[in-house]
2 protein chains.
Amino acid sequence: MGQALASFSFGVQEESLQTFRLVQQFVDAANRASTLQQVELLLEQISLEMGFDYYALIHHVDHRARNKASSVRLENYPKPWVEKFLEKKMYSWDPIHVASYATNLAFAWSDVPDMITLTKRQQDVLRSALDEGIGDGITVPANLPGEANGSCSFALRRGKTLRREYIGAIQLIGSFAFQSARNLALEAARSTATTGRVDLSPRQLDCVLLAGRGKSDWEIATILGIKEDTVTQHLDSARERYGVAKRVQLILRAVHAGQIALTDLL
Amino acid sequence: MGQALASFSFGVQEESLQTFRLVQQFVDAANRASTLQQVELLLEQISLEMGFDYYALIHHVDHRARNKASSVRLENYPKPWVEKFLEKKMYSWDPIHVASYATNLAFAWSDVPDMITLTKRQQDVLRSALDEGIGDGITVPANLPGEANGSCSFALRRGKTLRREYIGAIQLIGSFAFQSARNLALEAARSTATTGRVDLSPRQLDCVLLAGRGKSDWEIATILGIKEDTVTQHLDSARERYGVAKRVQLILRAVHAGQIALTDLL
DNA sequence: CTGACTATCCCCCTTTAGGGGGAATGGCGC
DNA sequence: GCGCCATTCCCCCTAAAGGGGGATAGTCAG
């Protein structure tokens, strides 16, 4: 497996200032957007201005099955391709998506073979996309711990040659676009469900932290130097506070509430 | 809890081209760097050029305990602060770090209270940093699924006022710097240990998702319309893939790897 | 002082998870 | 075709989690 060849540019010298202004305008507009439709319109405009045919700002999840409130999908790919994509559940192993888990930087699709080792199935995906008229493109990763992975891509129709000059600009545009869309989706999701903030006691936190690391009640008791029943009691009352019945839910609620960090449990 | 106020700028109009060239130069140099020492030197130079006193390009892990090969720590914070930071294991719940899990964009430290709800302990951290002479700063998140979270920060001495004009430039500089450092560290670590990305099968994902919502094996079986033993089997093999023994750890690994979203489980 | 909360410990019980074995089917890659 | 993997199902057993019921002692605010 090779490494992502970090490349960067804002366009040739005489164009760079102009490109920069394009980015500035996009970011300002994205920050002002109050609906996902507005963000999508901005994506459409900017992709045209930069000479792209397709855009895709998506969370890598099953958009048919999940609660759509918290996951975003803004794209203008050919419908048959989208159908096939969802049908085969490609979102979890599509080579472009997998490559986006290997870097924080924007990358050209034609560089993907240098970034990850492609399985035959993944090579088929690239060919399959080509058949649907999708050529080369650029993808900006958008991964947040504890959230579904996502990305913002811009692509060309088959046969067109990718201009890499704007990859620096696209890095910024993609990042800001995704954040804007994500915030709007989260806002919409938040309005439905209100979650009151609950804090755990220090000792409860100790137990929850260790439970989150996969320790059993007995192990936690041994580590903390108290009886197993006491640990059980702490975890019982912690679950009661969050109003959940299972250990798994307790840990996830504590992580979501910021009481413990996901990285502290791994 | 408010939302991150995405802001962007390359500096005032007459300075923007100059700032852009600074970014371009940094990125070019970062791409050419062949050792972590070179990257650190670049960080030192660029932080000076942009008027910062401190830089910190770090993975959010225990740098004393873990295998240092794959985790990066380049920083010039005051030694007492670093000592205290590691001593109290702040890397896992430091408010700046936690805030960096909520966005992909560079953010000012003074905006953190608008991004996440600070616990009392986290407020103490900010005061404690101030006591050590560390004032405001800007952090660029660097989170990759399946890897330790990280970030690249630039900070000022206490009392100085943060100039937000360069936050767009810093977004790029931080991202490229981190990727460069990460690649170099990985290259060095690749010889010893290989940490491959692990994917779950579609059916395993179905089971893990429901298990993460607190369902029992029997309930999952009923929902999916298969036998309980099959569900157990899927969860067994899923746990085996991640090399973990407990259900809780399985869910957390899947969440951290971006296979399922935390918000889909609550 | 009293009531609320915390932390500690003890008992009972049922359900669930985890650790061992197996086996049959179908798809895909080499 | 052969091997690997995903998916489905079956058996065994022990360990752990969850749902009840208690008790004692300390802190802290009203």
Side-chain angles (χ1 to χ4, degrees), chain A residues 87-90 92-95 117-128 197-254 259, chain B residues 120 196-254 259:
Chain A
E87 182 62 36
K88 300 203 171 180
K89 301 196 174 202
M90 287 188 201
S92 63
W93 51 270
D94 172 84
T117 312
L118 292 175
T119 66
K120 198 158 206 171
R121 198 167 60 157
Q122 288 176 325
Q123 290 170 346
D124 287 343
V125 175
L126 296 180
R127 270 192 294 275
S128 184
R197 185 176 172 78
V198 182
D199 280 329
L200 298 178
S201 79
R203 210 51 168 168
Q204 285 170 354
L205 259 186
D206 290 339
C207 294
V208 169
L209 180 72
L210 289 166
R213 288 181 182 157
K215 308 294 183 212
S216 68
D217 290 6
W218 180 87
E219 289 174 309
I220 298 170
T222 307
I223 293 168
L224 296 180
I226 56 178
K227 293 289 173 183
E228 185 179 345
D229 279 310
T230 310
V231 172
T232 306
Q233 176 55 39
H234 285 313
L235 290 174
D236 278 351
S237 41
R239 279 186 291 112
E240 196 184 357
R241 285 207 183 174
Y242 284 130
V244 297
K246 297 301 178 72
R247 177 175 289 233
V248 166
Q249 293 261 279
L250 167 62
I251 309 300
L252 292 172
R253 289 293 295 270
Q259 298 270 299
Chain B
K120 204 164 202 168
R197 200 189 127 73
V198 182
D199 279 327
L200 297 179
S201 78
R203 209 50 168 169
Q204 285 170 354
L205 261 185
D206 291 339
C207 294
V208 169
L209 179 73
L210 290 166
R213 289 180 182 157
K215 307 294 183 209
S216 70
D217 291 6
W218 181 87
E219 289 173 309
I220 297 170
T222 307
I223 293 168
L224 296 179
I226 57 180
K227 293 289 172 181
E228 185 180 345
D229 280 309
T230 308
V231 172
T232 306
Q233 175 56 36
H234 285 312
L235 291 174
D236 278 350
S237 40
R239 279 187 291 113
E240 194 185 6
R241 287 208 181 174
Y242 283 129
V244 298
K246 297 301 179 70
R247 178 177 289 232
V248 166
Q249 291 267 283
L250 167 62
I251 309 299
L252 292 172
R253 290 291 295 271
Q259 299 270 303

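Naming: A, B, ... by sequence-line order, numbering from 1 per chain.
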Would you mind reporting whether Arg203(B) and Ile226(B) have side-chain heavy atoms less than 4.5 Å apart?
yes
What residues form a side chain to side chain donor-acceptor pair (under 3.5 Å) with Thr222(A), not counting sequence neighbours?
none
Beyond-backbone contact of Arg253(A) with Val244(A), side-chain heavy atoms, under 4.5 angstrom
yes
What pairs with Thr232(A) under side chain to side chain donor-acceptor pair (under 3.5 Å), at least two apart in sequence or on another chain?
Asp217(A)
Using every non-hydrogen atom in the two residues, find where Cys207(A) and Leu224(A) come nearest and quote the distance to one decimal.
SG-CD1, 3.9 Å
Computed from five pairs at either end and rounded to 10 degrees, the angle between the axes of the helix from dC1(C)-dG30(D) to dC30(C)-dG1(D) is 60°
side-chain N/O His234(B) vs dA6(D) OP1/OP2, d < 4.0 Å
no
With sequence neighbours left out, the residues meeting side-chain contact (heavy atoms from CB on, under 4.5 Å) with Ile223(A) are Leu210(A), Lys215(A)
Can you measure Asp206(B) atom CG to dT7(D) atom P for me and round it to whole angstrom units?
8 Å
Val208(B) versus Ala254(B), closest heavy-atom pair with distance
CG1-CB, 3.9 Å
Expressed as a whole number of angstroms, how long is the span from Asp217(B):CG to dA17(D):P?
14 Å
Run the side chain to side chain donor-acceptor pair (under 3.5 Å) test against Asp236(B) and tell me which residues pass, sequence neighbours left out.
Arg239(B)
Test of understanding: with side chain to side chain donor-acceptor pair (under 3.5 Å), list the residues that count as partners of Glu228(A), not counting sequence neighbours.
none
Hey, can you pull the residues of residues 238-252 of chain B with a non-hydrogen atom under 4.0 angstrom from DNA chain C?
Arg239(B), Ala245(B), Lys246(B), Arg247(B)
Quick check on dT7(D): is either OP1 or OP2 less than 4.0 Å from any side-chain nitrogen or oxygen of Ser201(B)?
yes
Checking Gln204(B) now: which residues fulfil side-chain contact (heavy atoms from CB on, under 4.5 Å) with it, not counting sequence neighbours?
Leu200(B), Ser201(B), His234(B), Ser237(B), Ala238(B), Arg241(B)
Hey, could you give me the CD1/CD distance between Ile251(B) and Gln249(A), rounded to the nearest 0.5 Å?
9.5 Å
Let me confirm one number: the CD1-CG distance from Ile220(A) to Leu235(A), rounded to the nearest 0.5 Å.
5.5 Å
With a 4.0 Å cut-off on heavy atoms, is Asp236(B) in touch with a base, just the backbone sugar-phosphate, or nothing at all?
nothing
First and last nucleotide of DNA chain C in contact with chain A, 5' to 3', at under 4.0 Å to a heavy atom: what are they?
dT6(C) to dC30(C)
DNA chain C contacts made by residues 220-230 of chain A, counting heavy atoms under 4.0 Å
Ile226(A), Lys227(A), Asp229(A), Thr230(A)
Please report, rounded to the nearest Å, how far the C1' atom of dT7(D) is from the CG atom of Leu200(B).
15 Å
Ser216(B) backbone acceptor or donor facing Glu219(B) side chain under 3.5 Å:
yes
